[in-house]
Chemist: 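Below you'll find the structure I mean.
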Amino acid sequence: MTVSLKSLHPSRSGGTALLSWLLVLLCAISVMSYAQTTPYPATTQHPAPAWFIDVAAKAGITVRNVNGGIEAKHYIIESTGSGVAILDYDRDGWPDIFLVNGSTLPGQKLAEAPTSHLFRNNHDGTFTDVTVKAGLVSTGWGQGACVGDYDNDGFDDIYVTGYGKGRLFHNQRNGTFQEVAQQAGVAGTGTEWGTGCAFIDYDRDGKLDLAIANYVHFDLNHTPAPGQMAGCIWKGVPVMCGPRGLDHAPNILYHNLGSATPNGPVTFQDVSITSGFQKTAAHYCFSITTLDYNEDGWPDLYVACDSTPAILYRNNHDGTFTDTGADSGVAFNEDGREQAGMGSTAADYDGDGHIDLFKTNFSDDTSTLYHNNADGTFTDNTHIAGLAINTDALGWGAMFADVDNDGWPDLLVVNGHVYPEVDSAKLGSNYREPRFLYYNLGNGKFSDLSKSAGPALLQPQSSRGLAIADLFNDGRLEAVVNNLSDLPMLLVNQAKNQNHWLGLHLVGTASNRDAIGAHVTVIGTKRRWVDEVRSGSSYNSSSDLRLHFGLGAETTLTGIEVRWPTGQTELFPPPASLDHHIELIEGTGNKPPK
């Protein structure tokens, strides 16, 4: 692990005390001394490429998700579930887990009020619930979470969306957080129902802004009961109402103003109207995935929307956005039909150097794979790629993840229906459903290995949030799943392989500290791999900000190219060896040859 004190930037952290320097130095030492032992080791006893087991209980992650009733869901707020966020909150080099939690309806009582939970990584395959110690106890109907160091002090912060006001948890750099949404200007009015979110430096000024997707305006006192409206009947059965028939809530964009005084608190300005964000009316939106889809060096946003066309906010370089979803080919499927989008993810699945999109949808439909044509447009390649299957499932969280490090991003998808009535009325689906693994064959096609890749994929759940990380720093990607009204899952792949990998931790200096929006190209002797640093994505979740590249049989790289969020490009020399994490600091690379 490469560590440099150049990455400290005390002038940007706002702290002048020696304690801050000592904390970072201790973290650097910790990062350099990753444990060599691997919890839950992979073995040849399990068939390649993947054999997933659920180790959540053994790892100590046993908090139950609360979202209204368990077996009966009378209102839509009970059905959408909660996300997951991965962050190294204490900067010890080991990713920690934040599970968003919901709440109860009036009249439903629990011994303790539900709260989101933070689990600290113990470096040995287990986690400790530090919610109380970290000051993160907060009751409310949480939906999603995203991670970003919005004040560039070197420690990642958390934004939590929900039904009601949003919550911004500022990392105090001592293992605790302080909720500052109201002071920072990002709490909202409390009338919006926030779902997905993403930190993004949309104007490339080095400060992270905040984008929030909203679902509906919801009021328990004025929402019809199941079956009371035409939109509250599904396949002839009375079900909860919405989203159709309920008022949509507009999306929000907050611009980071920085601090008014040296070392002062950071504030944001609502630019939803002036930026063009709210020109996209009458959408019911969920997840946000950021990507530079037209490769102009400015970050764009893709928003999956329920029962309405998806949105693609194209960055116009002047603080405004234009929805180009329809023109770019990602608002509808190949039949020109709007879908009920839930989750989304982005990666270069076919190795052509361009970032593609994948979206999960409602049951009786397929998920959708959009291939980037490198000209600002996409093509629906769902059928060509072999993904027009499993149409009985209702998909939520989805992430591209190279599960065997062969160099080709696979797809993990979690599922679960919204209507418990699908079981009792036998409507052709199951309320609790398995997870899917679509294995990338390296030729533009995927193979469904869901039934042969381990017991953790088969166990039925009504899953929602999904986040990916190399939790144990051993080169394998783990998956954390938040299950609706149930216990979470931590999926570990125990199938052994001989492939190589490289983990990259990018540190911005002129750019935002997390380098969110950076575009990275890893250059091998035979091919290239590309990815981008992003906050948010999946279903209302946020994965590890470190990039993970499976390299297959590649043993030698020729370089790493980084286009930083400022738009400047640097070329870094290849690492001396593979199969470990390295740190790349903005300003320490070389200008690429013209």
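Nothing here was measured: the structure is a model prediction, and the numbers come from that model.
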Chemist: When you measure from the side chain of H283 to the backbone of P309, do you find a donor-acceptor pair of N or O atoms at a distance under 3.5 Å?
Modeler: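 Here the side-chain-to-backbone pair exists.
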Chemist: Look only at the side chain of T308 and the backbone of D306, and say whether a donor-acceptor pair between them is shorter than 3.5 Å.
Modeler: yes
Chemist: So, the side chain of E192 versus the backbone of G164: is there a donor-acceptor pair under 3.5 Å, distance only?
Modeler: no
Chemist: Donor-acceptor pair, N381 side chain versus A385 backbone, under 3.5 Å?
Modeler: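 No: the side chain of N381 does not pair with the backbone of A385.
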Chemist: Looking only at heavy atoms, which two atoms of I468 and A479 are closest? And how far apart?
Modeler: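 In this case the closest contact between I468 and A479 is CD1-CB, 3.7 Å.
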Chemist: Please assess F218 against W193 for the test ring pair (Phe, Tyr, Trp, His ring centres under 6.0 Å), listing each intermediate value before the final yes or no.
Modeler: CA-CA 7 Å; F218 182 74; W193 173 352; 5.7 Å; yes
Chemist: Under the side-chain contact (heavy atoms from CB on, under 4.5 Å) rule, what do H519 and E295 come out as? Steps first, then yes or no, please.
Modeler: CA-CA 9 Å; H519 183 95; E295 300 172 6; 5.6 Å; no
Chemist: Could you pull out all residues at least two apart from H317 that satisfy side chain to side chain donor-acceptor pair (under 3.5 Å)?
Modeler: D296
Chemist: Quick test of your reading of the model: are R546 and D88 salt-bridged, counting only N-O distances below 4.0 Å?
Modeler: no
Chemist: Would you please say whether a donor-acceptor pair under 3.5 Å links the side chains of N482 and S82?
Modeler: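 No, no side-chain donor-acceptor pair sits under 3.5 Å.
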Chemist: Does any N or O in the side chain of T360 come within less than 3.5 Å of the main-chain N or O of G343, such that one atom is a donor and the other an acceptor?
Modeler: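 Yes, T360 side chain to G343 backbone: donor-acceptor pair under 3.5 Å.
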Chemist: Taking the six-membered ring of F155 (Phe, Tyr or Trp), confirm whether the NZ or CZ of R91 is under 6.0 Å from its centre and within 45° of its axis.
Modeler: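 R91 over F155 ring: yes.
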Chemist: Under the criterion salt bridge (Lys or Arg N to Asp or Glu O under 4.0 Å), which of D90, D153, D157, D156 is the partner of R173?
Modeler: D153
Chemist: Kindly say whether N256 contributes a backbone atom to a donor-acceptor pair with the side chain of D209 at under 3.5 angstrom?
Modeler: yes
Chemist: Which is it for S463 and N483 under the side-chain hydrogen bond (donor to acceptor under 3.5 Å, both in side chains) test, yes or no, and what are the steps along the way?
Modeler: CA-CA 4 Å; S463 301; N483 293 314; 2.5 Å; yes
Chemist: Any chance you could measure R314, atom CZ, to L312, atom CG, to the nearest 0.5 Å?
Modeler: 9.0 Å
Chemist: Is there a donor-acceptor contact under 3.5 Å from the side chain of T345 to the main chain of F400?
Modeler: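 Checked: pair present.
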Chemist: Who pairs with D380 by salt bridge (charged side-chain N to carboxylate O under 4.0 Å, His left out), at least two apart in sequence or on another chain?
Modeler: none
Chemist: Is there a donor in the side chain of T80 and an acceptor in the side chain of Q143, or the other way round, less than 3.5 Å apart?
Modeler: yes
Chemist: Hey, does I311 have a side-chain heavy atom less than 4.5 Å from the side chain of C305?
Modeler: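 Yes - at least one pair of side-chain heavy atoms lies under 4.5 Å apart.
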Chemist: Report the C-alpha distance between H222 and L246 in whole Å, list the side-chain angles of each, state the deciding distance to 0.1 Å, and finish with yes or no for side-chain contact (heavy atoms from CB on, under 4.5 Å).
Modeler: CA-CA 10 Å; H222 298 92; L246 302 180; over 6 Å; no
Chemist: Are any side-chain N or O atoms of S535 and backbone N or O atoms of F199, one a donor and one an acceptor, separated by less than 3.5 Å?
Modeler: yes
Chemist: Could you give me the CA-CA distance, side-chain angles and deciding distance for H371 and D350, then say whether side-chain hydrogen bond (donor to acceptor under 3.5 Å, both in side chains) is met?
Modeler: CA-CA 9 Å; H371 178 260; D350 59 349; 2.7 Å; yes
Chemist: Verify, without hydrogens or angle tests, whether T161 (side chain) and G196 (backbone) share a donor-acceptor contact under 3.5 angstrom.
Modeler: no
Chemist: Test your reading of the model: is there a side-chain donor-acceptor pair from N65 to the backbone of S485, 3.5 Å cut-off?
Modeler: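 Checking the backbone N and O of S485 against the side chain of N65, a donor-acceptor pair under 3.5 Å is found.
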Chemist: Any chance you could measure N540, atom CG, to L466, atom CG, to the nearest 0.5 Å?
Modeler: 11.5 Å
Chemist: Evaluate the ring planes of Y89 and F177, with Trp represented by its six-membered ring, and classify them as parallel (under 30°), tilted (30 to 60°) or perpendicular (over 60°).
Modeler: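 Y89 vs F177 ring planes: tilted.
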Chemist: Output, in order, the C-alpha distance, side-chain angles, deciding distance and verdict of side-chain contact (heavy atoms from CB on, under 4.5 Å) for D96 and V130.
Modeler: CA-CA 10 Å; D96 310 297; V130 295; over 6 Å; no
Chemist: Got more than 12 heavy atoms from elsewhere within 6.0 Å of CG, L257?
Modeler: yes
Chemist: Hydrogens and angles aside, do T368 and Q339 bring a side-chain donor and acceptor to less than 3.5 Å of each other?
Modeler: yes
Chemist: Go through the steps for N316 and T322 under the test side-chain hydrogen bond (donor to acceptor under 3.5 Å, both in side chains), then give the verdict.
Modeler: CA-CA 7 Å; N316 296 328; T322 301; 3.0 Å; yes
Chemist: Would you say the side-chain atoms of T280 and Y313 include a donor-acceptor pair closer than 3.5 Å?
Modeler: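 The criterion, which ignores hydrogens and geometry beyond distance, is satisfied for Y313 and T280.
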Chemist: Will you find, in the side chains of Y293 and T324, an N or O donor that is under 3.5 Å from an N or O acceptor?
Modeler: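 Yes, a side-chain donor-acceptor pair sits under 3.5 Å.
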Chemist: D151 and H170: side-chain donor and acceptor closer than 3.5 Å?
Modeler: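 H170 and D151 do have a side-chain donor-acceptor pair below 3.5 Å.
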Chemist: Among Y202, F268, F277, Y150, whose ring pair (Phe, Tyr, Trp, His ring centres under 6.0 Å) with H255 holds?
Modeler: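 Output: one option passes, namely Y202.
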